[in-house]
Amino acid sequence: MSSTEKSPDFVREIIAAEIASGQWDGRVVTRFPPEPNGYLHIGHAKAICLDFGVAAEFGGRCHLRFDDTNPTKEQVEYVESIKEDIRWLGFDWGEHLYYASDYFEQLYQWAVELIQKGLAYVDDLSADEIREYRGTLTEPGRESPYRNRSVEENLDLFARMRAGEFPDGSRVLRAKIDMASPNLNLRDPVMYRIRHATHHRTGDAWCIYPMYDWAHGQSDSIEGITHSLCTMEYEDHRPLYDWFLDALGIHHPRQIEFARLNLSHTVMSKRKLLQLVNEGIVTGWDDPRMPTLSGLRRRGYTPASIREFCDRIGVGKTQNLIAVELLEHCVREDLNKRAPRVMAVLHPLHVIIENYPEDQVEELDAVNNPEDASMGTRKVPFTRELWIEQDDWREHPPTKYFRLSPGAEVRLRYGYIIKCVGVVKNERGEIVQVRCTYDPATRGGATDRKVKGTIHWVSARYALPAEVRLYDHLFLTPKPDEDENWQAQVNPNSLERLTNCYVEPALANAAPLAHFQFERTGYFNVDPDSAAGRLVFNRTVSLRDTWSKIEKKEARSGG
RNA sequence: UGGGAGAUGGUGCAAUGGUAGCACGACUGACUCUGGAUCAGUUAAUCGUGGUUCGAAUCCACGUCUCCCAGCCA
């Protein structure tokens, strides 16, 4: 094994061993089974990369199957977004798009079969009574008084449940397993409940709907799935998964559980994400601060960076909390290679170059991406009046500050070396203008003069106004979930809108979602809110900032 | 006080009875027309106690701690 090669995770090890021993006829079929009750998030990306990745590596296939067994929570809007997000992430289910609802009739027939075998019964207990009869974690449950109805009566009642003769909640179909099992999932689990609700695909054809446990394994079986990969909380369900398949004597996939992804400074449960949306804490499922795939996409994350992230976090069984910094690292790494560089001033400060001719304009050559010469160069207009970053000028520079200050010199990126010769302040004593002179012999950096700092700039005459949205972690603490009052952890400053920014003219026609590096600042993309004449950018992630660390350290040591 | 699953640097993942390694982070330094990138280096870990063994992160025993399960959700 070469040192760069990653060792396979335990899931791939298991599958490889089975295939090597001749199981499954060498076929590997997996599935990604989302419920269309919300948008996909980065945690789903881990599962998608595993499900589709494993299938591809073993020459098999991966199905996309919507687990749509609960009409009251599901919507077509969600199925469309899920399909879009999976495609965007870079995976393809080909012909293999399925819905659990396609199997409702087969599931019904199999339920009838279990009734006939004496393995299922109709229960008239109410939901509350069923809970009461179920017992507790430490005490066994009790058998329902309806548990020993005749096969005929069960068949009749079940048929009438389907026919709509009974109101919601009046009866359920249960598997007859073991009310004393230490595994609660085996205490006669509910298979069907009555719900007179319109389903987004089957309409009003059904008023009884299968529960997850009853639908999932059998759907896997119908599709010939070999490996049903799911998260750890389903481990306790595996005995039930196996029980149904064995009772029916049908194709029996292997369920393997892995640990779900937890990411720092965010929440991942669909319930909580929905709450953030509904309560207006974010602007929608695709708010750039959300850990949803649509949010990450709008934020400027690339599919490759998310796939790389999923690859790096690995697949195991231990509960984890991945630092969001790793995700940020992955997107920087990817964007460093592909994002064109451009200059943009976020907090503008006016600079006048006193000895530069008023009417002169020079077109300076700028490199589009130093990491990739094939991306070429562009022209950037240089004029007497410029905008520079407020932070690139200090009246009283701290030590190790390499930028502009009274009497100091800096290089303007791709331009000239300038020297600060004065400032203009307003009545309140605020600096409104920095006066400089330039050295005409240093155009394009053509000099061996040593200047420590290089700063970015835009021409005041040619720059385009823009809005820039800066984002920070949605939550203040790494693990907001662990607090009952998780919403109190929301970061009130997770969004900062800068409406007075200037970008270089090359950005005039930037396409929505296009990625850029604003030199020395960070990676940004064009927000869909952007329009001609009203450019809007999102900061995907800042550049690594060594200076801010130095500054903090100096401040700490009293320097 | 039921059942299930886990525990390796700050974080995540390896090592499958034989030198505890990789990545992120943090910290040094080199280089640089981005205080970016790149390069070199440093830091830092086997939950505890016993046992088996020439040798234990790995096997055994007993503890400890964490997570999941009492939906007619998935």
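Numbered from 1 within each chain, the chains take letters A, B, ... in sequence-line order.
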(request) Compute both the distance and the angle, then confirm whether Arg142(A) meets the cation-pi test with Tyr133(A): under 6.0 Å from the six-membered ring centre, within 45 degrees of the axis. (result) yes
(request) Could you tell me whether the side chain of Glu371(A) has a donor or acceptor atom within less than 3.5 Å of a complementary atom in the base of U38(B)? (result) no
(message) So for Asp236(A) and G3(B), does any side-chain atom that can act as donor or acceptor lie under 3.5 Å from a complementary atom in the base?
(response) yes
(request) For Asn183(A), enumerate each residue passing the side chain to side chain contact (heavy atoms under 4.5 Å, CB included) test, keeping only those at least two apart in sequence or located in another chain. (result) Ser181(A), Asn185(A), Leu186(A), Asp236(A), Pro239(A)
(request) Could I get the full list of ring pair (Phe, Tyr, Trp, His ring centres under 6.0 Å) partners for Tyr212(A), not counting sequence neighbours? (result) His216(A), Tyr234(A)
(request) For the side chain of Trp547(A), starting at C-beta, report the closest nucleotide among G35(B), C73(B), G2(B). (result) G35(B)
(message) Taking 4.0 Å as the cut-off, does a side-chain nitrogen or oxygen of Lys553(A) come that near to OP1 or OP2 on C27(B)?
(response) no
(request) Please tell me which of the listed nucleotides, A70(B), G2(B), G4(B), lies nearest to the side chain of Arg131(A)? (result) A70(B)
(request) Would you list the pairs meeting salt bridge (charged side-chain N to carboxylate O under 4.0 Å, His left out) in which at least one residue belongs to residues 179-199 of chain A, sequence neighbours left out? (result) Arg147(A)-Asp188(A)
(request) Could you provide the dot-bracket string of RNA chain B, using ( ) for intrastrand pairs, [ ] for crossing pairs and | for bases paired to another strand, with Watson-Crick or G-U pairs below 3.5 Å? (result) .((((((..((((....[..)))).(((((.......)))))....(((((..]....))))))))))).....
(request) Pick base, sugar-phosphate or nothing for Ile194(A), based on heavy-atom distances below 4.0 Å to the nucleic acid. (result) nothing
(message) Measuring only between side-chain heavy atoms, which start at C-beta, is Asn369(A) closer than 4.5 Å to Gln517(A)?
(response) no
(request) Determine: side-chain N/O of Arg238(A) to OP1/OP2 of G3(B), distance under 4.0 Å, yes or no. (result) no
(message) So, does Arg187(A) get its side chain near the phosphate of A70(B), meaning an N or O under 4.0 Å from OP1 or OP2?
(response) no
(message) Quick check on contacts: within residues 66-79 of chain A, what sits under 4.0 Å from RNA chain B by heavy-atom distance?
(response) Asp67(A), Thr69(A), Asn70(A), Lys73(A)
(request) Output all residues satisfying side-chain hydrogen bond (donor to acceptor under 3.5 Å, both in side chains) with Ser374(A), sequence neighbours left out; order by chain, then residue number. (result) Asp372(A)
(request) Report yes or no: does Asn320(A) contribute a side-chain atom to a donor-acceptor pair with the main-chain N or O of Arg260(A) at less than 3.5 Å? (result) yes
(message) By nearest atom, which of the nucleotides G25(B), C24(B), G35(B) is closest to the Lys400(A) side chain?
(response) G35(B)
(message) I need the single residue from Arg449(A), Arg411(A), Lys419(A) that forms a side-chain hydrogen bond (donor to acceptor under 3.5 Å, both in side chains) with Asp439(A). Which is it?
(response) Arg449(A)
(message) Strictly under 4.0 angstrom, non-hydrogen atoms only: write out the protein contact profile of nucleotides 10-21 of chain B, one letter per nucleotide from the 5' end, B, S or -.
(response) -SSSS-B-----
(message) Could you work out, with ring pair (Phe, Tyr, Trp, His ring centres under 6.0 Å) as the rule, every residue matching His456(A), not counting sequence neighbours?
(response) none
(request) Side chain of Leu184(A) only, please: which of C72(B), C68(B), A70(B) is the nearest? (result) A70(B)
(request) Choose from A70(B), G25(B), G35(B) the nucleotide whose nearest atom is closest to any side-chain atom of Ile550(A). (result) G35(B)
(request) Write down the distance separating the C1' atoms in U8(B) and G4(B), rounded off to the nearest Å. (result) 23 Å
(message) Using the side-chain heavy atoms of Arg403(A), tell me which of these nucleotides is nearest: G35(B), A5(B), A74(B).
(response) G35(B)
(request) Tell me yes or no: between the side chains of Tyr401(A) and Glu554(A), is some donor less than 3.5 Å from an acceptor? (result) no
(request) Using a 4.0 Å heavy-atom cut-off across all strands, classify Pro370(A) as base, sugar-phosphate, or nothing. (result) base
(request) List for me each residue that meets side chain to side chain contact (heavy atoms under 4.5 Å, CB included) alongside Asp334(A), sequence neighbours excluded, and say none if there are none. (result) Thr302(A), Ala304(A), Ser305(A), Lys337(A), Arg338(A)
(message) Looking at Asp168(A) and His196(A), would you say the former's side chain and the latter's main chain have a donor-acceptor pair under 3.5 Å?
(response) yes
Pairs: protein N or O with nucleotides 56-58 of chain B N or O, under 3.5 Å:
none

(request) Report which part of the nucleic acid Arg411(A) touches: base, sugar-phosphate, or nothing (heavy-atom distance under 4.0 Å, all strands). (result) base
(message) Please classify the nucleic acid contact of His456(A) as base, sugar-phosphate, or nothing, using heavy-atom distances under 4.0 Å.
(response) nothing
(request) Give the nucleotide from the list U34(B), G25(B), A37(B) with an atom nearest to the side chain of Asn336(A). (result) A37(B)
(request) For Leu137(A) and for Arg413(A), find the nucleotide of RNA chain B with the closest heavy atom, then tell me which residue's nucleotide is more 5'. (result) Leu137(A)
(request) May I ask you to verify if any side-chain N or O of Thr546(A) is less than 4.0 angstrom from the OP1 or OP2 atom of G36(B)? (result) yes
Distances under 3.5 Å between nitrogen or oxygen atoms of protein and nucleotides 40-45 of chain B:
none

(request) Applying ring pair (Phe, Tyr, Trp, His ring centres under 6.0 Å), name anything that partners Phe104(A), two or more places apart in sequence or on another chain. (result) His199(A), Trp206(A), Tyr209(A)
(request) Please tell me which of Tyr212(A) and Asp545(A) maps to the more 5' nucleotide of RNA chain B, matching each residue to the nucleotide holding its nearest heavy atom. (result) Asp545(A)
(message) Minimum heavy-atom separation for Ala111(A) and Trp214(A), please, with both atom names.
(response) N-CZ2, 3.6 Å
(request) Enter syn or anti for the glycosidic conformation of G71(B), syn applying to angles within 90° of 0. (result) syn
(request) Mind listing the closest non-hydrogen atom pair of Leu346(A) and Thr521(A) along with its distance? (result) CD2-CG2, 3.4 Å
(request) Report yes if a side-chain nitrogen or oxygen of Arg193(A) is closer than 4.0 Å to either non-bridging phosphate oxygen (OP1 or OP2) of C73(B); otherwise report no. (result) yes
(request) Select base, sugar-phosphate, or nothing to describe what Arg341(A) touches, counting heavy atoms under 4.0 Å on all strands. (result) base
(request) Return no unless some side-chain N or O of Arg520(A) is found under 4.0 Å from OP1 or OP2 of G35(B). (result) yes
(request) Among the candidates A74(B), G2(B), C73(B), find the nucleotide nearest to the side-chain atoms of Arg195(A). (result) C73(B)
(request) Among G4(B), G35(B), A74(B), find the nucleotide with the atom closest to the side chain of Tyr401(A). (result) G35(B)
